[in-house]
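All remarks here apply to the structure that follows.
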Amino acid sequence: MCSPLTFNPRARSPTTQRSHVLDFTGTVRSTLTDGPDQAARLAALEALLGVTSALSGAVTPEHVGAAVAEHGARALGSTGGIVYALDGGATLRVVGSWGHDATILEDYGELGLGDDLPAPEAARERRTVADVATRYPALRSAVGTFCAVPMLAGPELLGAVAVNRADGVFLPAERELLEALGRVAAHALERASLYSRLNRLQATTADLARALTPHEVAATAAAQGAEALRASSAWVAIVDHDRRTLELAHAAGHSEGTVQRFRSFSLDAELPLAEAVRTATPLWLESADAIFGRYPRFAEVRPQAQSAALLPLVDGGAALGAIGLVFDSPRTFGPADRDYLLTLTRLCGQALGRARVYQTEHDLALTLQQALLPDGLPRAEGLELAVRYLPTADGAAAGGDFYDALALSGGRLGIAVGDVVGHGPGAAAAMGQLRSALRAYALEGRAPARVLQLLSRYAEGVPGARGATVVYAVIDPGARQVRYATAGHPPPLLLAPGEEPRYLNGARGVPLDRALGHTYTDATASLAENGTLILYSDGAIERRGEGLEAGLARLAGAADGALAPEALADQLLATADPRRSDDVAMLVARVHVPEITPLRLWFAARPDQLAVVREAMRGWLATSGVDRGDAEMLVLAAAELCANAVEHAYPEGTSGAVEVAAARELAGTVTLVVRDRGRWRPPPADPGDRGRGLAIVRALMTEVEVDEATDGTTVTLRYRPAGLDAPAVAPGPTLVDLERGDEFTVVRITGEIDEFNLATVESELTALGAEPVVVDLSELAFIGSAGVRVLFALAERVQRLVVVAPAGAPFRRALEVAELDRVAELVETMP
């Protein structure tokens with residue numbers, strides 16, 4: 001890493017600093033010799049001692065300004081002193097004042113270099129400006145007469161010093177004294193600015209060392225650059241992996257509309273940030289003409305911009321992104337500014353390179369980990385489940401923590417949490433094999449202790465599995481009982497309404513290792529109605545330098561049984577160490593016996609799971625007393641939402657899950673929630689014949705609410721059953737039968753049409769020509785918007801299309817909402 005101490009904008013040597021102090025000393029001695037009275041001599045001597053003492057310890061521009069303003073004013077018998085630092089080449093900003101009230105500082109705290117006032121005039125013309133009462137009568141009435149001098153460090157202008165008194169002119173010796181003070185102040189200010197920026201770079205280095213992701217690096221780069229140079233706005237963009245676009249990683253000072261418009265833009269865009277990346281060369285744009293003359297499109301970003309600095313973030317010779325600092329006033333980027341920003345961007349470029357490597361490793365590890373965890377959780381009557389998995393805080397390697405839940409005979413549910421020693425692909429592979437073996441043993445109906453005994457023997461032949469810890473429990477909601485056993489794992493936590501949380505410390509065993517010769521045993525515990533059992537891995541309780549008992553107490557203290565399982569899981573995870581070095585797996589099981597058991601299921605976001613969801617919905621609706629016609633309306637709505645989530649929520653090639661929850665109120669209203677954790681792709685500019693699904697859902701349901709958030713989309717439906725009847729058509733495999741006649745061809749479709757079997761239906765229909773066609777859906781159990789698209793496409797190919805949809809079929813309403821009757825004849829019976 002490049003050390004921030006390499007930043008060196010022409011630092012002054014101690015010899016140079018002493019020469020300016022001696023220069024000032026000589027001037028004071030002259031004043032002592034030539035001064036008109038003893039008081040002036042004493043004041044000058046006091047100024048010498050005060051300034052040299054104060055400046056020796058001044059480490060910030062504000063310290064320098066305060067010392068020079070006070071001691072300069074006192075030396076000249078003035079009533080006020082003020083020190084301006086040149087900021088950006090065009091603005092004078094107060095860095096120290098003495099003897100002035102808040103009104104003066106408010107009115108004159110920031111001046112333009114071109115303003116017609118003593119301090120800007122002295123700085124602009126690089127000469128002393130004194131006794132200007134006639135030119136500035138308003139100032140005389142406010143502060144009296146002025147003497148202002150430029151602060152010059154060699155040829156470089158750094159600001160101005162001004163003192164004022166109620167009346168009287170400034171003698172030549174006094175002017176000479178103030179001029180010398182200005183030179184000393186300039187060099188002290190230069191040194192303090194350098195020191196301040198060195199400190200800032202050192203702090204930046206520490207911040208970057210803690211930044212783990214590209215976005216954290218981007219936020220640090222933007223904040224440090226903007227604060228150091230007082231930029232009006234800042235943004236950082238990062239090159240995507242294909243090096244085709246720039247993705248906005250951080251923005252400050254821009255409207256939300258601007259941020260959204262430029263969240264992603266081409267690397268070939270005619271924008272200065274893109275050019276800085278393409279050429280890996282800084283751009284210093286010091287006027288509005290320099291910006292908009294070369295980049296007219298920049299008016300969409302910040303039309304009021306007057307200057308800008310665009311610097312690439314380079315690592316290993318390649319530009320990984322760029323930082324843009326924009327100023328709403330003209331600014332000259334002097335050598336010190338450029339040196340500082342170049343050093344900052346070198347540091348940030350190296351940190352960005354590290355962060356991208358980390359992010360890649362983290363994403364791969366998380367993908368591997370998620371692939372080895374269950375795609376969903378089983379539906380369990382009388383039980384409500386919530387699960388969580390958090391990767392290790394350094395996240396760059398897949399961990400060996402896992403959870404699982406499986407439906408057993410007799411309405412029981414098996415739940416487990418385990419932890420394989422170590423991290424990385426080896427630990428993840430061992431975890432996957434152990435979890436598979438545990439499921440196989442558990443599904444045979446074996447008791448928890450026997451499952452662990454077999455698992456201990458199995459672990460002997462799996463590299464990396466020995467020493468793993470597991471807790472396995474079987475919950476019987478009907479009997480209100482749990483049977484469990486542990487293998488070196490933290491104890492389950494049991495919550496009962498009105499009681500203190502307690503750990504189940506029975507059936508303790510050693511980690512999985514057959515060589516230890518341990519025999520595992522079972523233990524049982526009663527479960528109260530609305531009682532909760534919590535299984536977790538040790539990452540939830542361990543902290544460095546802390547005993548295990550403290551972690552157990554902290555977890556129990558956060559366990560509020562009044563919270564719903566999902567909220568409880570979140571609250572418990574919040575107690576985990578944010579800098580933990582281990583993963584966290586957690587499973588929360590709530591036992592309850594409601595009048596109508598709610599439905600909750602998770603399924604992998606794949607088309608082949610849609611039929612499973614429909615079957616689960618039909619079963620739950622039947623047991624909940626919903627009439628068949630109303631039930632099919634709800635099945636159709638749920639299927640459309642699930643299909644949308646499968647198709648749009650997760651990018652192609654990635655895994656994800658969709659949650660479906662349903663509940664029926666005593667009054668009969670059914671609430672249905674479909675939730676994904678993905679990020680929907682933006683709709684195409686021309687959706688074609690797509691986009692009917694949500695319109696169908698809105699037409700069928702009583703209320704529809706869509707909540708789109710950065711962490712997923714939640715759709716909530718409410719439906720008041722109307723006592724609808726429907727023909728009893730049993731779901732089954734999709735079959736397409738073609739019967740050609742003299743007048744038209746009849747196509748009979750049975751089963752269900754969804755995204756999974758859509759291709760099969762379409763391939764069967766390819767045998768049709770342009771002849772008139774009748775599509776008979778009388779024996780069809782389900783058709784979603786995907787099937788509706790097929791009918792629309794068929795209508796375009798044939799001379800005439802007649803669709804038979806019985807009046808009682810729930811999907812007939814969907815066909816009407818989709819306006820199929822615009823392109824086909826919609827009838828109730830065969831013509």
Side-chain angles (χ1 to χ4, degrees), residues 375-379 596-650 656-665 668-678 680 691-707 712-722 724 726 729 731 751-758 780-788 809-815 817-818:
D375 286 336
L377 295 176
R379 175 174 173 247
I596 300 176
T597 305
L599 169 71
R600 174 163 291 181
L601 58 91
W602 292 260
F603 68 95
R606 301 195 308 265
D608 62 344
Q609 296 296 298
L610 296 175
V612 178
V613 175
R614 294 196 297 271
E615 181 181 1
M617 283 285 299
R618 289 189 178 106
W620 178 81
L621 290 164
T623 60
S624 300
V626 179
D627 292 329
R628 183 183 295 115
D630 292 316
E632 285 303 313
M633 290 290 190
L634 285 160
V635 168
L636 179 58
E640 286 297 333
L641 297 178
C642 291
N644 271 354
V646 168
E647 183 177 4
H648 299 293
Y650 301 100
V658 181
E659 178 185 357
V660 178
R664 186 183 183 193
E665 300 172 4
T669 299
V670 176
T671 300
L672 175 68
V673 178
V674 177
R675 179 184 295 113
D676 64 70
R677 297 296 182 187
W680 284 46
R692 298 186 178 92
L694 190 57
I696 292 173
V697 171
R698 292 188 186 279
L700 298 182
M701 297 293 100
T702 307
E703 297 176 33
V704 179
E705 297 176 4
V706 180
D707 182 12
T713 298
T714 301
V715 183
T716 303
L717 313 177
R718 292 178 180 82
Y719 179 76
R720 286 190 289 273
L724 299 178
V729 179
E752 299 179 287
I753 306 177
D754 61 16
E755 281 76 2
F756 180 65
N757 55 40
L758 187 64
L780 190 69
F782 174 86
I783 181 172
S785 59
V788 175
F811 58 78
R812 181 182 175 92
R813 175 63 177 146
L815 299 179
V817 171

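Atoms CG and CE, on L717 and M633 in that order, are 13.5 Å from each other to the nearest 0.5 Å. From D754, atom CG reaches atom SG of C642 across 11.0 Å, with rounding to the nearest 0.5 Å. Residue R614 holds its CZ atom at 4.5 Å from CZ of F782, rounded to the nearest 0.5 Å. Rounded to the nearest 0.5 Å, atoms NE2 (H648) and OG1 (T713) are 11.0 Å apart. One distance of note links CG of D630 with CG of L700; it measures 11.0 Å at 0.5 Å rounding. Remark: T714 OG1 to L641 CG distance equals 11.0 Å, nearest 0.5 Å.
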Yes or no on side-chain contact (heavy atoms from CB on, under 4.5 Å) for F603 and V612, after CA distance, side-chain angles and deciding distance?
CA-CA 9 Å; F603 68 95; V612 178; over 6 Å; no
Is there a side-chain contact (heavy atoms from CB on, under 4.5 Å) between V674 and E640 once you walk through the steps?
CA-CA 10 Å; V674 177; E640 286 297 333; over 6 Å; no
Kindly indicate, with the supporting measurements, whether the criterion side-chain contact (heavy atoms from CB on, under 4.5 Å) is fulfilled by L621 and R628.
CA-CA 8 Å; L621 290 164; R628 183 183 295 115; over 6 Å; no
Go through the steps to decide whether Y719 and L672 satisfy the test side-chain contact (heavy atoms from CB on, under 4.5 Å), and finish with yes or no.
CA-CA 8 Å; Y719 179 76; L672 175 68; over 6 Å; no
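Residues E752 and A781 share a closest heavy-atom pair of CG-CB, 4.0 Å. Across all their heavy atoms, M617 and A638 have their closest contact at CE-CB, 4.0 Å. The shortest heavy-atom contact between V706 and R698 is CG2-NH2, 3.8 Å. A pairwise comparison of heavy atoms in V697 and A637 identifies CG2-O, 3.9 Å as the closest pair. Residues G787 and I753 approach most closely at CA-CG2, 3.8 Å, considering heavy atoms. Considering every non-hydrogen atom in both L780 and G751, the closest pair reads CD1-O, 3.3 Å.
Using a 4.5 Å cut-off on side-chain heavy atoms (C-beta onward), D627 and L724 make no contact. Side-chain contact check for V646 versus F756: every heavy-atom pair is 4.5 Å or farther apart.
Annotation: side chain to side chain donor-acceptor pair (under 3.5 Å) contacts of R813 (sequence neighbours excluded): none. Applying the salt bridge (Lys or Arg N to Asp or Glu O under 4.0 Å) test to E659 and every residue at least two apart in sequence or in another chain returns R600, R675. Residues satisfying the salt bridge (Lys or Arg N to Asp or Glu O under 4.0 Å) test with E632, not counting sequence neighbours, are R618. With sequence neighbours excluded, the residues forming a salt bridge (Lys or Arg N to Asp or Glu O under 4.0 Å) with D608 are R606, listed by chain and number. In this structure E703 satisfies the salt bridge (Lys or Arg N to Asp or Glu O under 4.0 Å) test together with R718, sequence neighbours excluded. Looking at residues two or more places apart in sequence or on another chain, you find no side chain to side chain donor-acceptor pair (under 3.5 Å) involving D707.
Y650 places no side-chain N or O within 3.5 Å of a backbone atom of A645 that could act as its donor or acceptor partner. The backbone N or O of E705 sits nowhere less than 3.5 Å from a side-chain atom of T716 that would complete a donor-acceptor pair.
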